[in-house]
Visitor: 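So that we are looking at the same thing, I have put the structure below in structure tokens.
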Amino acid sequence: MSTTAERAPALSRENEEDPTLGYYDDEEDLEAFSDADLRSEDGVLGFSDSLNGEVKPRILLMGLRRSGKSSIQKVVFHKMSPNETLFLESTNKICREEVSSSSFVSFQIWDFPGQIDFFDPTFDYEMIFRGTGALIFVIDSQDDYVEALSRLHLTVTRAYKVNPDINFEVFIHKVDGLSDDHKIDKQRDIHKRANDDLTDAGLEQIHLSFYLTSIYDHSIFEAFSKVVQKLIPQLPTLENLLNIFISNSSIEKAFLFDVVSKIYIATDSSPVDMQTYELCCDMIDVVIDISCIYG
Ligand SMILES: Nc1nc2c(ncn2[C@@H]2O[C@H](COP(=O)(O)OP(=O)(O)OP(=O)(O)O)[C@@H](O)[C@H]2O)c(=O)[nH]1
């Protein structure tokens, strides 16, 4: 087994090397925009940034209140420990963050407050969806998900009309409290209901991908890896290179990691075994810890 780790500096801190390889004060990196900030007089985003110039794929985190959106972002990209998320306050603004760990991992994450009235006519959702690469919809599996499913349907159909190229990713989240059988049942039920709703609306061509996730294990990193991989145009080339790499060595499995987030950007074509992935993540943690002490 091999961990092919891509050297990845901290998130979006331009030209500034973080000596601790990725531990940073996240507050500076987070830019929050209120509803008012998002609307300029003519209803279009009022801030000038890469939206208008260099285009970075946008990943939207959406879902009902308290479904776990901010926790996902903090745990994956800010190394927050899962228990600390218990103290996170409800998001009341859209929080936009640039993630530019490497040449392959470069995107923006937009964390939407659960209570936002996204379809308020004064809110320019068309502009937001137009530059979106992936829309992650988070459903709290420990809660009643009927409302979440209708919200998912509304969000997906609106987004699809604006931009049919968006990847729709559904995180069936907080599965740590469920038994294995229960997890599968929930996934099957949510999958069926969401797809039935789309079929009823004559939109069966929309593809939803489902993931069982929790911040209390590696499932959230694995799911995010798959979401990010779909946004990397060089993915087939990277996979080929890793295939060549393992076939020319006695290595069992190869991952190309983004060290900071522990997202894997690519892997060879043999199936991913969760334990192997977890082992690689743990090894990366050890390397980071040692480099913090001696680096
Ligand atoms: N058990 C469990 N709890 C989680 C998980 N992810 C998040 N939570 C908890 O869910 C609660 C809500 O998390 P938030 O991240 O604030 O939810 P949010 O969707 O950003 O909420 P809003 O900002 O109100 O939209 C927190 O108490 C988290 O600790 C998970 O995977 N498992």
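As the structure lists them, so they are numbered: ligands from 1, and atoms in each ligand from 1.
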Visitor: Keeping Thr276 on the side-chain end and Val272 on the backbone end, is there a donor-acceptor pair under 3.5 Å?
Guide: no

Visitor: Using every non-hydrogen atom in the two residues, find where Pro113 and Thr91 come nearest and quote the distance to one decimal.
Guide: CB-O, 3.0 Å

Visitor: Should Gly177 be listed as contacting ligand 1, given a heavy-atom distance under 4.0 Å as the test?
Guide: no

Visitor: Quick check: Phe112 and ligand 1, any N/O pair under 3.5 Å apart?
Guide: no

Visitor: Side chain, backbone, both or neither: which applies to Leu86 and ligand 1 if a contact is any heavy-atom pair less than 4.0 Å apart?
Guide: both

Visitor: Pull out every atom of ligand 1 sitting under 4.0 Å from any heavy atom of Ser90, numbered as shown with elements.
Guide: 22 (P), 23 (O), 24 (O)

Visitor: Taking the six-membered ring for Trp, are the ring centroids of Phe112 and Phe137 within less than 6.0 Å of each other?
Guide: no

Visitor: On a heavy-atom basis, I'd like to know which of Lys174, Lys93, Glu89, Glu84 is closest to atom 4 (C) of ligand 1.
Guide: Lys174

Visitor: Less than 4.0 Å between a side-chain N and a carboxylate O, is that true for Lys183 and Asp180?
Guide: yes

Visitor: For Ser214, counting its heavy atoms only, list the atoms of ligand 1 lying under 4.0 Å from any of them.
Guide: 31 (O)

Visitor: As an exercise, identify every atom of ligand 1 less than 4.0 angstrom from a heavy atom of Gly114.
Guide: 25 (O)

Visitor: In plain terms, say whether Lys230 and Glu169 are close enough for a salt bridge, that is, a side-chain N and a carboxylate O under 4.0 Å apart.
Guide: yes

Visitor: With nothing but distance in play, are any N or O atoms of Pro82 less than 3.5 Å from an N or O of ligand 1?
Guide: no

Visitor: Could you tell me whether some N/O pair between Thr213 and ligand 1 is separated by less than 3.5 angstrom?
Guide: no

Visitor: Taking the six-membered ring for Trp, are Tyr277 and Phe221 ring centroids under 6.0 Å apart?
Guide: no

Visitor: Carefully, step by step, assess Ser270 and Asp268 under the rule side-chain hydrogen bond (donor to acceptor under 3.5 Å, both in side chains).
Guide: CA-CA 6 Å; Ser270 64; Asp268 61 274; 2.5 Å; yes

Visitor: Side chain or backbone, does Leu88 bring an N or O within less than 3.5 Å of an N or O on ligand 1?
Guide: no

Visitor: For atom 14 (P) of ligand 1, which of Ser71, Pro113, Ser141 has the closest heavy atom?
Guide: Ser71

Visitor: Does Lys262 come within less than 4.0 Å of Asp285, counting only side-chain N to carboxylate O?
Guide: yes

Visitor: I'd like to check which ligand 1 atoms, numbered from 1 as shown, lie under 4.0 Å from a non-hydrogen atom of Thr85.
Guide: 26 (C), 27 (O), 28 (C), 29 (O)

Visitor: Report yes or no: does Asn163 contribute a side-chain atom to a donor-acceptor pair with the main-chain N or O of Phe129 at less than 3.5 Å?
Guide: yes

Visitor: Would you check the N or O atoms of Asp111, main chain and side chain alike, for any that come under 3.5 Å of an N or O of ligand 1?
Guide: no

Visitor: Test your reading of the structure: does Lys69 have an N or O sitting under 3.5 Å from an N or O of ligand 1?
Guide: yes

Visitor: At a 4.0 Å threshold, what atoms of ligand 1 neighbour a non-hydrogen atom of Gln142?
Guide: 1 (N)

Visitor: Out of Met62, Arg65, Arg66, who gets a non-hydrogen atom closest to atom 11 (C) of ligand 1?
Guide: Arg66

Visitor: Between Asp197 and Arg193, does at least one N-O distance fall below 4.0 Å, as a salt bridge requires?
Guide: no

